[in-house]
Protein chains: 2
Amino acid sequence: MSQTAPEAASARVAAVLRAEILDGSIAPGARIRQEEVAERLGASRLPVREALRMLNAEGLLVVEPNRGARVPDLDRREVEVLYRMRERLEPLALVESLPHLDDATLARIIDLQKQIEQIDDIRDFLALDREFHLATYSACHIDHLQATVARLWNATQHYRRAFMELAGPQRRWVVNAEHNLLIDALQRRDPVDAERYLVGHIRRTRRELIAHPELFPDNE
Amino acid sequence: MSQTAPEAASARVAAVLRAEILDGSIAPGARIRQEEVAERLGASRLPVREALRMLNAEGLLVVEPNRGARVPDLDRREVEVLYRMRERLEPLALVESLPHLDDATLARIIDLQKQIEQIDDIRDFLALDREFHLATYSACHIDHLQATVARLWNATQHYRRAFMELAGPQRRWVVNAEHNLLIDALQRRDPVDAERYLVGHIRRTRRELIAHPELFPDNE
DNA sequence: TCTCTTGAAAATGGATCCATCTTCTGAGAA
DNA sequence: TTCTCAGAAGATGGATCCATTTTCAAGAGA
């Protein structure tokens, strides 16, 4: 066969929509019409419906009965609590992952950070940053934990992007310092320091993000 | 209309399957065949597929491409980590909920505990216990947080039931003592004590549950 | 007797057509 | 001008039929 991957239509549709939501092409609040997606991607409405359910499970959109799917837009308190969830869950994922992290994954993490330090484009930065962190959790091998963490990243992705477009690159050096301290702790297999730097990283991000009320709808 | 609720077929199918999984009629490891469910519940396969996706989003089953849906069975480490996730997330849900808990909800929580102290049947106990805890989080009004906590309860429900069938009712008084201390802290609107008793409650449950390796598959 | 192969049965994935619900638009009256 | 209500258009939910994949059992060969 010349085709390398048969891949189901619903998975293909889900992949396209996932990318569009994560990179902001489909903004929060937008309604997603099944027929429009089906026509655009050359499939029938059925795999589109399946794809919407998948993305719903991934925290990227909400499905309301008889009213279709839409990307939710969150208020400031909601985003803040999602970040507090990250502060509690990701250290657990990291500590469970650390003992099983092999050298190849560690090398990939280090390489990702090198790319992060050289990239300018915000979308590329966000994608690499996400891949960097999820890679540090990849060895925990607890599906529920990894899926939950991914959902939190998915739901807050838009606000991270909006923040970076607003704040510009002047705080990038802080991210890099935190990432490199985290990598150092990982290389030393030190769960205490790894958790310390990770929590600090997420906490700082939350505070800087929350400090911009203009990112969120209907703030009194 | 005589019908009080029109309710979509997919939601109805999902409700039946959800109840069957939670009460153990469909055990972990079991494959769920779409056609069997469709015939049994008097619907076509399409709403069944939708229902399976919904339950997948709720953490009750996993869907593998071209291989259908099944209720996952977890090993001991997986259940332990799920409980550690609960220990970190539920205190956050409680603290975010506590300031918004109204008197009616508090009264319902107290009433649920009174029922818990009088019930004998394990399935009824588990349902009431679940309702009790989720009620304490119900005022946090963060959909993602409540859904995540519900998923953790869903995924571990089977092992809680198996544990109770094994351990019998002799530790029920501990549950009641912990619940009543938690209620007292809620009535005093004391987030510190409330978090303290809740974490203790979950930690003790985890330890007692994990102490029974015979509850889990393939433990060396 | 064990293993590999092959083919048939069964289950899932997808497409099209129809029913039902939502929502938007516009006309009419206060 | 504004509110209300009715009707039409559009979108979602569901049923049936077909295609593809998986799975399992039977048989041939070593």
Side-chain angles (χ1 to χ4, degrees), chain A residues 1-18 20-21 25-73 143, chain B residues 1-18 20-21 25-73 143:
Chain A
M1 300 98 178
S2 57
Q3 290 288 72
T4 54
E7 191 165 12
S10 59
R12 192 172 50 83
V13 172
V16 172
L17 288 179
R18 184 184 302 115
E20 290 182 347
I21 295 173
S25 304
I26 302 177
R31 295 279 284 271
I32 299 178
R33 285 183 297 279
Q34 298 176 4
E35 199 156 7
E36 182 271 327
V37 175
E39 184 177 1
R40 184 157 59 88
L41 300 183
S44 88
R45 273 179 45 224
L46 202 146
V48 174
R49 279 160 71 174
E50 298 272 312
L52 293 179
R53 294 289 183 188
M54 293 185 208
L55 299 178
N56 173 59
E58 294 174 26
L60 284 167
L61 47 82
V62 293
V63 178
E64 297 169 54
N66 287 320
R67 300 190 55 185
R70 62 182 176 79
V71 179
D73 59 342
D143 291 343
Chain B
M1 302 92 179
S2 57
Q3 290 289 71
T4 53
E7 191 166 12
S10 59
R12 192 171 51 81
V13 172
V16 172
L17 288 179
R18 184 184 300 114
E20 290 183 347
I21 295 173
S25 304
I26 302 177
R31 292 281 283 272
I32 298 177
R33 285 183 298 279
Q34 298 176 3
E35 198 156 4
E36 182 271 327
V37 175
E39 184 177 359
R40 185 157 58 89
L41 301 183
S44 88
R45 275 179 45 223
L46 202 147
V48 174
R49 279 160 72 174
E50 299 272 312
L52 293 178
R53 294 287 185 190
M54 294 185 207
L55 299 177
N56 174 58
E58 295 174 26
L60 284 168
L61 47 82
V62 294
V63 179
E64 297 169 53
N66 288 318
R67 299 190 57 185
R70 63 183 175 80
V71 180
D73 58 343
D143 291 344

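As the structure is a prediction and not an experimental result, all values here were calculated from the model. In what follows, chains are A, B, ... by sequence order, proteins preceding strands, each numbered from 1.
- Residue B/Ser10 places at least one side-chain N or O under 4.0 Å from the OP1 or OP2 atom of D/dG14.
- Across all strands, A/Ile32 comes closer than 4.0 Å only to sugar-phosphate atoms, never to a base (heavy-atom distances).
- To the nearest angstrom, P of C/dC24 lies 15 Å from CG of A/Asn66.
- Closest non-hydrogen pair, A/Asn56 versus A/Leu61, comes out as OD1-O, 3.0 Å.
- Toward the 5′ end of DNA chain C lies the nearest nucleotide of B/Arg31, the other residue of the pair B/Arg31 and B/Leu46 mapping further downstream.
- Distance CD (A/Glu35) to P (D/dG10): 10 Å, rounded to an integer number of Å.
- One atom, CZ of B/Arg33, and another, C1' of D/dC24, lie 13 Å apart when rounded to the nearest Å.
- At C/dG14, none of the side-chain N or O atoms of A/Arg49 fall inside 4.0 Å of OP1 or OP2 (strictly under the cut-off).
- Considering CZ of B/Arg53 and OG of A/Ser10, their distance stands at 5.5 Å, rounded to 0.5 Å.
- With rounding to whole Å, B/Glu50 atom CD is found 13 Å from C/dG14 atom P.
- The distance from atom CD1 of B/Ile26 to atom CD1 of B/Ile32, rounded to the nearest 0.5 Å, is 4.5 Å.
- In this model, a side-chain donor or acceptor of A/Arg45 finds a partner on the base of D/dG13 within 3.5 Å.
- More than 12 heavy atoms of other shown residues, nucleotides or ligands fall within 6.0 angstrom of atom CD in A/Glu36.
- Taking atom CD of B/Gln34 as the reference point, atom C1' of C/dA11 lies 8 Å away to the nearest angstrom.
- Closest-nucleotide positions on DNA chain C for A/Pro47 and B/Arg67 were compared, and the one nearer the 5' end corresponds to B/Arg67.
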